Amino acid sequence: MSVERAFRASLREELLRSGVSPYPHRLSLGYVPIRDIVSNRRVGEAVSTAGRVASMRRHGGLIFSDLVDDGFKIQLSLDLSVVGNERFEWFIKYVNLGDFINVAGDLFYTHKGELTINVREYCLLVKALRSPPVKWGHKILDTEVRYRKRYLDLMMSPQVRRIFEVRFNTIAEIRRFMWERGFIEVETPILQPVYGGATAKPFITRVHSLGEDWYLRIALELYLKRFLVGGFNKVFEIGKNFRNEDIDVQHNPEFTMMEAYQAYVDYEDIMRLIEELISNVAERVLNTTKVNYPVGGSEVEIDLRPPYRRVRMVEGLREFAGVDVEGLSDDEMKSLLRKHDLLIPGGYDRGRAIVKLFDKLVGEHHLIQPTFVMDFPASSSPLAKPHRTDPKYAERFELYIAGMELVNAFTELNDPVIQETYFRNEEERRKLGDAEAHPYDWDFVEALEYGMPPAGGLGLGIDRLVMILTGQTSIKEAIPFPMLTRSM
RNA sequence: GGGCCCGUAGCUCAGCCAGGUAGAGCGGCGGGCUUUUAACCCGUAGGUCCCGGGUUCAAAUCCCGGCGGGCCCGCCA
């Protein structure tokens, strides 16, 4: 490596001495994207383009080379009899794999039928001091290198590039969908004096000018609801959340959520909104609502077309685990928890116990096709409105796909007195050892006291949606620069 | 927090079990070759064997500790 780098650095020096810039400011030969050239083949026509030299195959006085530009590739041929001896030799001496060049020439098809630019002129644009780690189109296999130096992963592998094209198209389509339905995209603070909107451990950061420790947000929820109080009826935000918890195949400490809140609707309306959103986005991004996803070692076809199955949490436990929690006494619940090695931080609570059992016995294993799990126990949902027919439950649901939780949504709690009670309960649980209990947010309660319209809201994990749409089982594959330990 | 696997050339890996001169292919560089596309042929350079300690005449190899990565479980939305 160091030998090769030194060699290329010496070429750079030679170029500078000879008055040729190894990093010119502008393209001297013009530029049409390779994407446009290959999609609009006009054989015989003169074209100019630019890109990275991805391969070279020399046959005496003829060099075939592949030029890659913005994910598209075209073959060049450099013919000694066309460019002349001097420019031919210069190319061999000074142009290496990984360099960027600007070329002008004529389009033709080779004997093998490949569209090729017969180069008349060329110009070096960038002298790369390091060569590409693998041949273009081949995957780097060392996962650590792929994550730490994602630019190489993107550079070398069209499949990896494709994942991120899907990711950013997905975000664009979500945005378009929400705008089309009249939602306004807003911004809320990432740095917050009180975190909230989810149960998670936060990152703490120092605000020097205030002399205070603040938090990086763990959710968007409480500030978006303040928009509802302020009179906005339909708002959404796409942004990063930060949760100071474990890193694994479904969790990255920094991850992307879309949250949306709509006045005058309930969680039933939100279910329909989500069905439309996800199927619409899949259709737009993939041209299909059917995706293949590995589940338990084999590919399963998942159909994102509505309607999605709706199942109450207690019914799910009955159907998939054979447990009728509504018929169990607290003592029976506790022994069931013990049997499955489940602990409840902050002490036993019937609602939380039901959720624990559901997560353990049902969640990942059974909910492969899109399924709304409805009606969580009220005590597990301090920001959701109690159920209209049974206040032991909350009007809350989660959407599961491929065993992953993608969406969490409620009919939003807008009674400030109940909200205050829930916050107090959470504070009590915190004192009893539940580090992830929801903090008390006085200002939010005060906002509710001014009146928040009845509303439905949702949070969608975008990284996980991208995993589903691209068939990836690790969230690191769906995040461009996933979090890894600093050192290498 | 627990378990399993991995770390050797730019890349992919062999060598480790059973200690004795650091290897191959690809890539790089030099040469040859005017229709190749994982081009081909000849030659050649390239090493902190993840780090530290121990055992030994001798450690990539055995032992201990650490670091980094992957996966599974626990915890967690």
Side-chain angles (χ1 to χ4, degrees), chain A residues 1-8 10-11 54-67 73-82 88 92-93 96-98 108-116 118 128-149 152 156 197-201 218-219 241 243-253 255 257 340-345 355-356 359-360 363-364 373 376 380-381 396 398-400 404-409 434-436 459-461 463-464 473-477 482 484-488:
Chain A
M1 152 54 66
S2 61
V3 170
E4 183 182 353
R5 191 188 172 285
F7 173 78
R8 289 185 175 218
S10 74
L11 289 180
S55 66
M56 263 196 267
R57 299 173 291 280
R58 184 180 172 195
H59 304 264
L62 181 68
I63 300 169
F64 287 109
S65 176
D66 293 321
L67 201 64
K73 178 172 81 81
I74 195 166
Q75 179 167 266
L76 308 178
S77 79
L78 194 83
D79 190 327
L80 173 62
S81 67
V82 172
F88 193 81
I92 290 167
K93 178 163 187 190
N96 303 110
L97 288 186
F108 75 105
Y109 281 104
T110 62
H111 296 169
K112 296 279 173 65
E114 173 140 0
L115 187 69
T116 302
N118 185 15
L129 297 187
R130 296 171 189 257
S131 62
V134 295
K135 293 186 185 187
W136 191 80
H138 289 231
K139 283 183 171 173
I140 300 171
L141 294 182
D142 186 326
T143 311
E144 184 175 2
V145 172
R146 291 185 45 236
Y147 294 159
R148 288 193 190 275
K149 301 184 187 299
L152 293 176
M156 305 320 299
T199 54
K201 294 174 205 134
I218 61 169
N241 288 334
R243 298 186 184 176
N244 212 339
E245 293 176 355
D246 279 355
I247 303 173
D248 62 34
V249 289
Q250 287 184 18
H251 300 86
N252 196 61
F255 65 102
M257 289 260 289
H340 293 289
D341 291 323
L342 296 171
L343 279 174
I344 300 185
V355 176
K356 280 274 181 194
D359 287 348
K360 175 87 175 187
E364 294 184 11
V373 177
F376 281 53
S380 70
S381 312
R396 171 184 178 187
E398 291 182 345
L399 172 63
Y400 280 81
M404 273 193 296
E405 178 209 331
L406 256 76
V407 173
N408 185 17
D434 183 356
E436 295 175 354
L460 164 67
D463 312 282
R464 291 180 180 179
T473 54
S474 170
I475 199 169
K476 289 188 173 75
E477 298 292 354
L484 300 178
T485 316
R486 183 197 310 261
S487 60
M488 182 157 193

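Please read all numbers here as calculations on a predicted model, not as lab measurements. Chain identifiers are assigned alphabetically (A, B, ...) following the order of the sequence lines, protein sequences preceding nucleic acid strands; residue numbering begins at 1 within each chain.
Taking atom C1' on both nucleotides, B/A60 is separated from B/C49 by 4 Å, rounded to a whole Å. Rounded to whole Å, the C1' atom of B/A9 lies 23 Å from the corresponding atom of B/G19. Atom name C1', nucleotides B/C50 and B/G7: the rounded distance is 6 Å, in whole Å. B/G3 and B/G65 are spaced 12 Å apart, taking the P atom of each and rounding to whole Å.
In this model, the phosphate group of B/U37 is not approached by any side-chain N or O of A/Lys73 to a distance below 4.0 Å at OP1 or OP2. The side chain of A/Asn96 places an N or O atom within less than 4.0 Å of a non-bridging phosphate oxygen (OP1 or OP2) of B/C29. Here A/Lys476 reaches the OP1 or OP2 of B/G70: one of its side-chain N or O atoms lies under 4.0 Å away.
Between A/Met257 and A/Arg464 there is no side-chain heavy-atom pair separated by less than 4.5 Å.
Here B/C73 presents its C1' atom at 11 Å from CG of A/Asp248, a figure rounded to the nearest Å. A straight line from CZ of A/Arg5 to C1' of B/G10 spans 13 Å, rounded to a whole angstrom. Straight-line distance from the CZ atom of A/Arg130 to the P atom of B/C29: 16 Å, rounded to whole Å. A straight line from NZ of A/Lys149 to P of B/G68 spans 16 Å, rounded to a whole angstrom. A/Leu11 places its CG atom 12 Å from the C1' atom of B/G28, with the value rounded to the nearest Å. When the P atom of B/G28 is taken as reference, atom CZ of A/Arg58 falls 14 Å away, rounded to whole Å. At whole-Å resolution of the value, CG in A/Asp246 and C1' in B/G1 are 9 Å apart.
For A/Asp79 against B/U34, a side-chain N or O and a base N or O form a donor-acceptor pair under 3.5 Å.
Of the listed nucleotides (B/G30, B/C11, B/U34), B/U34 has the atom at the smallest distance from the side chain of A/Leu80. Closest to the side chain of A/His111, out of B/G70, B/U35, B/G69, is B/U35.
Listed by chain and residue number, nothing satisfies the salt bridge (charged side-chain N to carboxylate O under 4.0 Å, His left out) test with A/Glu245 (two or more places apart in sequence, or in another chain).
Comparing A/His251 and A/Gln75 against RNA chain B, the residue whose closest nucleotide sits nearer the 5' end is A/Gln75. Comparing A/Tyr400 and A/Pro132 by the nucleotide of RNA chain B whose heavy atom lies nearest to each, the residue mapping closer to the 5' end is A/Pro132.
Per the stacking criterion (ring centres < 5.5 Å, plane angle < 30°), A/His59 does not stack onto the base of B/U34.
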